[in-house]
Number of protein chains: 2
Amino acid sequence: MGAVTTALGIREVSEHTGLSIDTLRWYEREGLIPLVGRTPTGRRSYPPAAMRFIRLVQALRRTGMPVADVRHFVQLGGGRLEHHSTRMALLEAQRGSIERQVDQLHEDLAVLTAKIDQYRDLITRGLDCEDEAAGRDACPGGDDVRALVGPGGPATPDRGRGRASLRSTS
Amino acid sequence: MGAVTTALGIREVSEHTGLSIDTLRWYEREGLIPLVGRTPTGRRSYPPAAMRFIRLVQALRRTGMPVADVRHFVQLGGGRLEHHSTRMALLEAQRGSIERQVDQLHEDLAVLTAKIDQYRDLITRGLDCEDEAAGRDACPGGDDVRALVGPGGPATPDRGRGRASLRSTS
DNA sequence: GCTTGCGCTGGAGTGCGCTCCAGGTCCGAG
DNA sequence: CTCGGACCTGGAGCGCACTCCAGCGCAAGC
């Protein structure tokens with residue numbers, strides 16, 4: 001019980017949520033957090049409901065929903081039944097997006113892991129990427145660039161210059 | 001040699017990777033993708049090694065590594081043994097970051113799911129967020145704002161203005 | 001050979017999401 | 001009463017990661 005703590009000041013909210021004070025003010029101005037009250041002297045006061053709202057907004061923002069979309073979600077009138085399904089649909093769309101992000105992250109994780117294993121292997125064998133023993137696909141740059149042909153197919157017989165830039169704005 | 005397809009043109013790379021042509025050029029200029037050749041007439045030519053490199057870079061970028069850090073990773077000399085451990089450490093750090101992101105995403109997913117369930121419940125019961133029957137924490141804004149007290153504790157008896165902005169820069 | 005169009009370069013421009021600042025009010029400590 | 005500090009508002013500024021553009025050269029279908 002009594003765990004509600006009544007309303008918090010902006011500093012406390014900032015510390016609890018990790019959002020900067022400026023961000024909290026900005027979110028409010030942008031219409032992402034309603035329910036923020038003011039003390040009689042004009043200071044922000046965040047009741048528990050606002051805190052809950054902020055956590056939802058944070059989840060939406062962290063998962064990549066643009067500020068404009070969060071605002072749109074928020075502005076569907078205050079909890080009226082007729083908007084529940086709209087809000088729910090928006091949340092479900094975002095949930096789908098999150099699931100896709102997780103999938104993508106796992107894919108990318110696999111790419112990194114493969115690369116890490118590769119380096120570990122090369123290190124234990126004491127090899128550079130270019131070493132013959134390292135194998136064809138050793139490093140991203142393990143292969144040679146000379147296997148270079150015109151993009152659309154063998155275009156010009158001339159390949160005198162062979163490699164090119166290899167940039168590196170070091 | 002069969003499936004290697006030799007080198008690709010920028011358009012093909014763009015289609016295969018989903019990166020825009022402009023982005024590919026920009027990444028190259030920024031030193032994120034070495035190994036890009038040129039045909040004798042100056043057009044970009046991406047050998048298989050570059051393609052593999054791009055996929056790694058994509059994984060790094062998509063998982064939130066800043067361009068500057070990717071460049072740093074890339075510029076650790078071409079596959080020399082002495083840098084393997086450095087590269088590996090960077091990749092491992094990024095892997096850690098990915099894992100944290102996945103965790104965070106799951107947390108946020110739980111928040112959304114809870115909210116979705118809540119709306120579903122309210123809809124089937126035909127309730128607004130404010131309805132008594134909806135329960136204390138019905139909606140983020142389900143609570144009343146009037147429960148407003150000074151942040152640092154009961155400050156002033158005055159609370160005349162009640163709610164606040166509700167901005168809406170629509 | 002002419003024309004349509006892809007690609008090249010260097011540099012300027014853009015959108016998003018904050019972040020910082022100036023100038024002012026109010027509060028509590030000393 | 002005075003001073004330092006937290007907060008207020010409105011608005012300007014900023015960093016990142018692209019994205020767009022002008023002006024030009026090669027390329028290849030007709």
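Treat the numbers as computed from the prediction; the structure is a model and nothing was measured. Reckoned from all heavy atoms, side chains included, excluding hydrogens, waters and symmetry mates. All chains are named by letter (A, B, ...) in the order of the sequence lines, taking the proteins before the strands, and each is independently numbered beginning at 1.
- A donor-acceptor pair is defined here as one N or O able to donate and one able to accept, closer than 3.5 Å; no such pair exists between the side chain of Gln94(A) and the backbone of Leu112(B).
- Summarising the geometry, atom CE belonging to Met65(A) is positioned 8.0 Å from atom OG belonging to Ser97(A); distances are rounded to the nearest 0.5 Å.
- Partners of Arg11(A) by salt bridge (charged side-chain N to carboxylate O under 4.0 Å, His left out), not counting sequence neighbours: none found.
- Rounded to a whole Å, the CD atom of Glu30(A) is 10 Å from the P atom of dC18(C).
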Where do Glu107(B) and Arg62(A) land on the salt bridge (Lys or Arg N to Asp or Glu O under 4.0 Å) test, with the steps shown first?
-> CA-CA 11 Å; Glu107(B) 250 179 63; Arg62(A) 269 197 302 246; 5.0 Å; no
Report the C-alpha distance between Arg38(A) and Glu28(A) in whole Å, list the side-chain angles of each, state the deciding distance to 0.1 Å, and finish with yes or no for salt bridge (Lys or Arg N to Asp or Glu O under 4.0 Å).
-> CA-CA 12 Å; Arg38(A) 288 290 187 284; Glu28(A) 188 185 340; 3.0 Å; yes
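- Side-chain nitrogen and oxygen atoms of Ser20(B) include at least one within less than 4.0 Å of the OP1 or OP2 phosphate oxygen of dT19(D).
- In this entry the distance linking CG of Leu24(A) with P of dA6(D) reads 17 Å, nearest Å.
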Per-nucleotide protein contact along nucleotides 6-17 of chain C, 5' to 3', at a 4.0 Å heavy-atom cut-off (B base, S sugar-phosphate only, - neither), is BSBBBB-----S
